[in-house]
Amino acid sequence: ASTPDEIAHDAPDLVKLDRSMLDRSDADLSEALQSCRPLPVVIEGIETLDQRERCRLLGSDVGRGCLLGLPVPLDVWTGAADERVRPRAR
């Protein structure tokens, strides 16, 4: 975990919040989101529709997790792999 001073010193272009934040209260998650502003915030580990909706309502910019898409090999993601192994469109 980084302190606000460390974040300011490194000048990031976005902030990622660990999936453990999803286990905290709405007040704690909202405070964490607000303390990162004006940077965009990515919340990691979204696995349920309820978690996605909660993050949206609390003001998350971006989410990541199994609900939103499973990891794929880089060559598949970039389109460099053979057509037979690409994930099917949903």
Side-chain angles (χ1 to χ4, degrees):
S2 298
T3 67
D5 288 337
E6 290 170 331
I7 291 171
H9 174 62
D10 292 336
D13 53 354
L14 65 86
V15 176
K16 288 177 158 182
L17 295 181
D18 185 72
R19 65 181 294 151
S20 65
M21 291 301 297
L22 294 173
D23 295 332
R24 299 192 183 187
S25 70
D26 282 357
D28 285 348
L29 183 53
S30 181
E31 182 180 334
L33 286 165
Q34 295 310 313
S35 70
C36 297
R37 300 295 180 205
L39 296 173
V41 179
V42 178
I43 298 181
E44 300 278 346
I46 298 174
E47 296 179 354
T48 68
L49 292 172
D50 288 341
Q51 288 173 333
R52 183 186 70 180
E53 183 65 7
R54 180 175 175 230
C55 292
R56 187 189 67 76
L57 290 172
L58 292 174
S60 173
D61 298 300
V62 178
R64 285 185 41 183
C66 291
L67 176 70
L68 305 171
L70 296 174
V72 296
L74 181 61
D75 62 340
V76 172
W77 185 72
T78 61
D82 182 78
E83 185 69 31
R84 292 174 284 133
V85 296
R86 285 193 188 152
R88 288 184 294 214
R90 294 181 185 206

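These numbers come from a predicted model, not from an experiment.
Follow the hydrophobic side-chain contacts under 4.5 Å out from Leu58 and you never reach Leu14; the two are in separate clusters. Under the 4.5 Å side-chain heavy-atom criterion for Ile, Leu, Val, Met, Phe, Trp and Tyr, Ile46 and Leu57 are members of distinct hydrophobic clusters. Linking Ile, Leu, Val, Met, Phe, Trp and Tyr whenever their side-chain heavy atoms come within less than 4.5 Å leaves Val42 and Leu67 in two separate clusters.
No more than 12 heavy atoms of other residues, nucleotides or ligands shown are found within 6.0 angstrom of CD on Glu31.
In this structure, the side chains of Asp61 and Val41 come closer than 4.5 Å at one or more pairs of heavy atoms.
When all heavy atoms are compared, the tightest approach of Leu33 to Ile43 is CD2-CD1, 4.0 Å. Heavy atoms only, all atoms of each residue included: Leu29 and Leu17 are closest at CD1-CD1, 4.3 Å. Counting all heavy atoms, side chain and backbone alike, Ala32 lies closest to Met21 at CB-CE, 3.4 Å.
The residues Arg64 and Glu44 are annotated as salt-bridged, a charged nitrogen and a carboxylate oxygen being separated by less than 4.0 angstrom.
Annotation: side chain to side chain contact (heavy atoms under 4.5 Å, CB included) contacts of Thr48 (sequence neighbours excluded): Asp50, Gln51. A search for side chain to side chain contact (heavy atoms under 4.5 Å, CB included) contacts involving Ser25 returns Ala27, Asp28, not counting sequence neighbours.
Although no hydrogens or angles enter the test, the distance criterion places a donor-acceptor pair under 3.5 Å between the side chain of Arg54 and the main chain of Leu22.
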